[in-house]
2 protein chains.
Amino acid sequence: MSGRVPRGDGGKPGRKPQERALRRKEALLDAAVALLGEGGFTAVTHRAVAERAGVPLAATTYYFSSRDELVAQAFAVLVERDLRLMRDSLTRACGDSLDELARTLVRTYASDRGRQLGLWELYLQAGREPALQHIARAWTDGWDDIVRTLLDRSGHPCGRSEVRFVATLVSGFWLEHIVEARPGALEQAADMVTRALRAIST
Amino acid sequence: MSGRVPRGDGGKPGRKPQERALRRKEALLDAAVALLGEGGFTAVTHRAVAERAGVPLAATTYYFSSRDELVAQAFAVLVERDLRLMRDSLTRACGDSLDELARTLVRTYASDRGRQLGLWELYLQAGREPALQHIARAWTDGWDDIVRTLLDRSGHPCGRSEVRFVATLVSGFWLEHIVEARPGALEQAADMVTRALRAIST
DNA sequence: ATTAAAGTTGGACAAGCGTACCGCTTTTAT
DNA sequence: ATAAAAGCGGTACGCTTGTCCAACTTTAAT
């Protein structure tokens, strides 16, 4: 038999993967992530991903055993990148005042609508596919962690419940803004978050 | 030519639609709504809807000019039913205490996971398809209205911002619970909502 | 040098999809 | 009665999809 199954990750040593192959797999994931942001879940097809990554169609089935696995890995990458971007953006500018803090929280969420839509789409998909569950939870946990760090550093340390409170509220406003794009929603959200912060800091 | 286009809604009088046809269209919408809850957006195909409704395939294209329109109308029906169910359930049991109010708010959200998943799925889809925008907004507005009514009747009247605050918070917790299904999430959510209500009632 | 694994690829397959056609029956206004 | 509109539905077209296969080349351990 010829070379099937690049690495099920749990088998015998065999040969070590070649560098070019790793780059190809990465390119495929990048393409999948980009497509997911542009056209959503249904846009991530084998052919579209392959063409975008500049590789032949058959390469997609060589590196990913199924479409579900490709989508799952793309979801994981997307979550990882999103959390890092959010962390970087939030830890940089960090004012002391509650109002400024709220404004920073809300503003950061407002970048790259397509990517965020894709992210939420996959998050929702996790409600039906158990294989995506742990990635969805990792997103929530990571976001909670960022909010906690931010609150701590701003001189408003608080418990788990309060963190969940702020994180969920911001996520909720964010989702609404991404989907409905109502004018002035961002400012209102910032006001509400300010109020929430004031509520938990007493 | 024979009978094409049942009613573009905006044309000449022509003939009035027959009763059996209306029931059929309703059956198709019911089937679409059910399928959307069971299998999500992608499960709503012409063939699946037709089979479910007990009508031949061609009937779906007769009553709906395209799949997008079928999905859009199913979305509208789903929103309408959801809001009514929520309104009925909430206005019935209506305690006075903040804690009881919060618990009622959260508990009501916890019914029929599949239907809720489908609803959120379509809501998110509205972020990409402008045709769905007004339905998504109707859902948000309707939910806001229910929350306002509930707060008013419980002796905690408040302004628009405060209503948005509570509505978004509850929706956020709800969405998390539907997707991630973490144990104890409902109780935590109720506590947080209680805290939020206390924050806005002072 | 040999050999087996890994990587690579064009092409094909069955299945499912949205949609359109067109002959047919039923209703209804005249 | 008659004709037009509306309802009806079997069938098929063209397309996209996920997945697979068999042959080929490259890599690396022996």
Side-chain angles (χ1 to χ4, degrees), chain A residues 1-28 31-32 35-36 39-74 129 131, chain B residues 1-9 11-29 31-32 35-36 39-74 129 131:
Chain A
M1 295 156 188
S2 54
R4 310 285 156 58
V5 177
R7 190 57 64 98
D9 203 39
K12 302 295 158 50
R15 296 280 178 282
K16 66 181 176 187
Q18 299 170 203
E19 191 196 350
R20 180 172 172 247
L22 293 177
R23 265 186 292 134
R24 270 193 143 187
K25 183 166 182 175
E26 199 175 349
L28 282 170
L35 284 167
L36 201 121
F41 180 75
T42 59
V44 184
T45 68
H46 282 143
R47 285 167 179 80
V49 170
E51 189 178 11
R52 179 107 181 186
V55 302
L57 166 63
T60 60
T61 58
Y62 179 76
Y63 289 105
F64 303 94
S65 63
S66 70
R67 190 188 101 110
D68 285 346
E69 199 180 293
L70 170 60
V71 170
Q73 292 199 27
E129 290 185 32
Chain B
M1 295 158 192
S2 54
R4 310 286 158 60
V5 178
R7 192 53 65 98
D9 202 38
K12 303 294 158 49
R15 297 279 178 282
K16 66 180 175 187
Q18 301 170 202
E19 190 196 352
R20 177 170 174 249
L22 292 178
R23 266 186 290 132
R24 271 197 143 184
K25 183 166 181 174
E26 200 175 349
L28 282 170
L29 275 179
L35 284 168
L36 201 119
F41 181 75
T42 59
V44 184
T45 68
H46 281 144
R47 285 166 178 82
V49 171
E51 189 179 10
R52 179 106 183 188
V55 301
L57 168 62
T60 60
T61 59
Y62 180 75
Y63 289 105
F64 304 93
S65 63
S66 69
R67 191 188 100 111
D68 285 346
E69 199 181 293
L70 170 59
V71 170
Q73 292 199 27
E129 289 184 33

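Below, chain A is the first sequence line, B the second, and so on; all start at residue 1. No hydrogens, no waters, no symmetry mates; every other heavy atom, side chains included, goes into these values.
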Rounded off to whole Å, could you give me the OH-to-C1' distance for the A/Y62 and D/dC24 pair? 13 Å
Look at all strands and tell whether A/A21 reaches a base, only sugar-phosphate, or nothing, counting heavy atoms closer than 4.0 Å. sugar-phosphate
Select one nucleotide: of C/dG18, D/dT17, C/dG7, the one nearest the side-chain heavy atoms of A/R47. D/dT17
Nearest to the side chain of A/Y63, heavy atoms from C-beta on, is which of D/dG18, C/dG18, C/dT8? C/dT8
Minimum heavy-atom separation for A/A59 and A/L28, please, with both atom names. O-CD1, 4.2 Å
Whole-Å distance between D/dT16 C1' and B/R67 CZ? 14 Å
Let me know the distance between CG of A/L70 and P of D/dG18, rounded to the nearest Å. 9 Å
Starting from the 5' end of DNA chain D, give me the residue, A/A58 or A/A48, whose nearest nucleotide shows up first. A/A48
Please compare B/L57 and A/V44 by the position of their nearest nucleotide in DNA chain D and report the one closer to 5'. B/L57
To the nearest 0.5 Å, how far apart are OH in A/Y62 and NZ in A/K25? 10.5 Å
OP1 or OP2 of C/dC17 versus the side-chain N and O atoms of B/T45: is any pair under 4.0 Å? yes
Using whole Å, what does the distance between atom P of nucleotide D/dG7 and atom CG of B/L28 come to? 13 Å
Picking from D/dG10, C/dG18, D/dC21, the nucleotide nearest the side-chain atoms of B/H46 would be C/dG18
Separation of C/dC17 atom P from B/D68 atom CG, nearest Å, is 16 Å
B/R23 atom CZ is separated from D/dC8 atom P, nearest whole Å, by 10 Å
What's A/R24 touching, base or sugar-phosphate or nothing? Going by heavy atoms closer than 4.0 Å. sugar-phosphate
Base, sugar-phosphate or nothing for A/S66? Non-hydrogen atoms, less than 4.0 Å. sugar-phosphate
Look at the side-chain N and O atoms of A/R20 and state whether any lies under 4.0 Å from the OP1 or OP2 oxygen of C/dT8. yes
Could you pull out the closest heavy-atom pair between B/V44 and B/R67, with the gap in Å? O-NH1, 2.6 Å
For A/F64, does the six-membered ring have the charged nitrogen or CZ of A/R24 within the cation-pi criterion, i.e. under 6.0 angstrom from the centroid and within 45° of the normal? no
Determine whether B/E51 and B/R47 make a side-chain contact, defined as any pair of heavy atoms from C-beta on separated by less than 4.5 Å. no
Between C/dC17 atom P and B/F64 atom CZ, what is the distance in whole Å? 18 Å
Would you mind reading off the distance between B/L22 atom CG and C/dT27 atom P, rounded to a whole angstrom? 14 Å
